[in-house]
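Notes follow once the structure below has been shown.
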Amino acid sequence: MNNRCPSEAARQAGMILPAVLVFSAFFIIPFGVLLRVGAQGAYGIAGYWLALMNPEHLESLVATLVLSTVVTVATLCLGGVCGVFLGRNRFPGHGLMVSILTLPLAFPGVVVGFMIIMLAGRQGLVSDISLALHGGRIVFAYSAWGLFLGYLYFSIPRVLLTVMASAEILDASLEEAARSLGAKPARVFLDVTLPALKPALISAGALTFATSMGAFGTAFTLATRINVLPMMIYTDFTLSTDLSSIAALSLLLGLISWVVLSLARSVAGSGVAAAG
């Protein structure tokens with residue numbers, strides 16, 4: 001017995017060591033460096049507060065939060081409906097349709113931004129059609145609308161796959177029982193289907209929100225008329241030497257995403273436990 005305990009402890013330590021190394025290399029060490037850099041500015045630790053209270057930074061933060069929230073709501077509506085339908089129905093071409101709808105997962109953010117430019121840029125499809133119809137060009141690729149479409153495009157597959165997986169295992173007998181008691185389709189959806197999908201929707205929504213908050217490639221391509229936080233950090237990093245401000249904004253961005261993901265995991269986990 002005594003000879004096995006040290007070997008068992010060594011085996012467990014060897015199994016957890018890779019996770020500890022990765023966590024340290026990609027979270028603890030960078031986080032510590034950001035904290036140290038942020039406190040080394042001319043104002044010390046107060047530089048964090050000054051950076052966050054900068055009107056331009058606040059405007060960027062508000063724009064990012066609003067855009068990410070709107071994208072999350074729209075993605076849950078579109079991806080949720082499609083996910084429920086595709087998860088509960090099989091038809092010829094089902095696999096092909098799922099493959100097409102999840103294709104954006106293969107594209108980097110810059111490519112998504114370029115596609116939005118081809119759709120709604122000055123030489124894009126919408127611009128050419130509007131020019132032919134009324135002699136003026138409609139261009140919105142570089143505004144909040146363009147960024148919204150870009151974020152929506154690469155967010156829908158994440159929600160779609162998550163909701164599909166949850167919809168496939170829903171107990172159809174519960175819905176049948178509700179219908180047999182006289183419940184209308186809308187009431188069945190609100191009282192039976194939606195609560196069952198709640199954990200999946202919360203998890204997918206949190207992931208969509210966090211992804212939209214930190215998305216850089218699409219913002220780098222499109223965000224010329226809207227100032228979002230990732231682009232503010234990039235601009236400060238390339239044009240300014242105020243590393244404390246950059247560190248403060250980076251920590252703020254990471255903290256917001258972490259809080260949202262943690263809350264979603266807590267709520268979704270409780271929902272799963274209750275359902276079981």
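Both backbone and side-chain heavy atoms feed into the values below; hydrogens, waters and symmetry mates do not.
Closest approach of I138 to V126, counting heavy atoms only: O-CG1, 3.9 Å. For the residue pair F209 and I256, the shortest heavy atom distance occurs at CE2-CG2, 4.1 Å. Between R122 and S127, the shortest heavy-atom distance links the atoms O-OG, 2.8 Å. Scanning both residues, V112 and G150, for their nearest heavy atoms gives CG1-O, 3.6 Å. Here the closest non-hydrogen pair linking L147 and T218 is CD1-O, 3.9 Å. The two residues I117 and A141 come nearest to each other via the heavy atoms CA-CB, 4.1 Å.
Here the side chains of N227 and E59 are not in contact, with every heavy-atom distance at 4.5 Å or above. Side-chain contact between L105 and L161 is present, with at least one heavy-atom pair separated by less than 4.5 Å. Side-chain atoms of R137 and D128, non-hydrogen and from C-beta on, do get closer than 4.5 Å to each other. Taking 4.5 Å as the limit, every side-chain heavy atom of L101 sits out of range of all side-chain heavy atoms of I156. L194 is not listed as a side-chain neighbour of K198, based on a closest heavy-atom distance of 4.5 Å or more.
Of the inter-residue distances, the one linking S250 atom OG with L255 atom CG reads 12.0 Å to the nearest 0.5 angstrom. If you take CD1 on I246 and OG1 on T235, they are separated by 10.0 Å, rounding to the nearest 0.5 Å. Within the model, atoms CD1 of I202 and CZ of R265 stand 13.0 Å from one another, a figure rounded to the nearest 0.5 Å. Atom CG of L149 and atom CG of L222 lie 9.0 Å apart (nearest 0.5 Å). Note that CG of L86 is 6.5 Å distant from CE of M97, once rounded to the nearest 0.5 Å. A distance of 6.0 Å separates OG1 in T69 from CG in L65, rounded to the nearest 0.5 Å.
Residues L261 and L201 are members of separate hydrophobic clusters, defined by side-chain heavy-atom contacts under 4.5 angstrom among Ile, Leu, Val, Met, Phe, Trp and Tyr. In the hydrophobic clustering of this structure, L78 does not group with M164; members are Ile, Leu, Val, Met, Phe, Trp, Tyr whose side-chain heavy atoms approach within less than 4.5 Å, directly or through other members. Hydrophobic clustering, with ILVMFWY side chains joined whenever heavy atoms are under 4.5 angstrom apart, groups L253 together with L58. A continuous path of ILVMFWY side-chain contacts below 4.5 Å connects V111 to L103, so both sit in one hydrophobic cluster. Both L61 and L249 are members of a single hydrophobic cluster when ILVMFWY side chains are connected at heavy-atom separations under 4.5 Å.
Of the listed residues (Y234, F237, Y151), just one forms a ring pair (Phe, Tyr, Trp, His ring centres under 6.0 Å) with F216, and that residue is Y234.
Remark: A200 engages T162, S166 in a side chain to side chain contact (heavy atoms under 4.5 Å, CB included) (not counting sequence neighbours).
Few gaps surround CD on E168; more than 12 heavy atoms of other groups in view lie less than 6.0 Å from it. Heavy atoms from other residues, nucleotides or ligands lying under 6.0 Å from CE of M53 number more than 12. Atom CD1 of I16 has 12 or fewer heavy atoms from other residues, nucleotides or ligands within 6.0 Å. In R88, the CZ atom is crowded: over 12 heavy atoms of neighbouring residues, nucleotides or ligands sit closer than 6.0 Å. Annotation for F114: atom CZ does not count as buried by contact number, only 12 or fewer foreign heavy atoms lying within 6.0 Å. Counting non-hydrogen atoms of other residues, nucleotides and ligands closer than 6.0 Å to CE of M118 gives a total above 12.
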Show the numbers, then the answer: is there a side chain to side chain contact (heavy atoms under 4.5 Å, CB included) between Y142 and I226?
CA-CA 8 Å; Y142 308 103; I226 178 174; over 6 Å; no

Please assess V71 against S155 for the test side chain to side chain contact (heavy atoms under 4.5 Å, CB included), listing each intermediate value before the final yes or no.
CA-CA 8 Å; V71 168; S155 296; 4.1 Å; yes

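With 3.5 Å as the limit, one finds a donor-acceptor pair spanning the side chains of H57 and D236.
Here the side chain of T64 pairs a donor or acceptor atom with the backbone of S60 at under 3.5 angstrom. Distance alone, capped at 3.5 Å, is enough to place a donor-acceptor pair between the S143 side chain and the F140 backbone.
Sorted by first and then second residue, the salt bridge (Lys or Arg N to Asp or Glu O under 4.0 Å) pairs involving residues 209-226 (not counting sequence neighbours) form an empty list.
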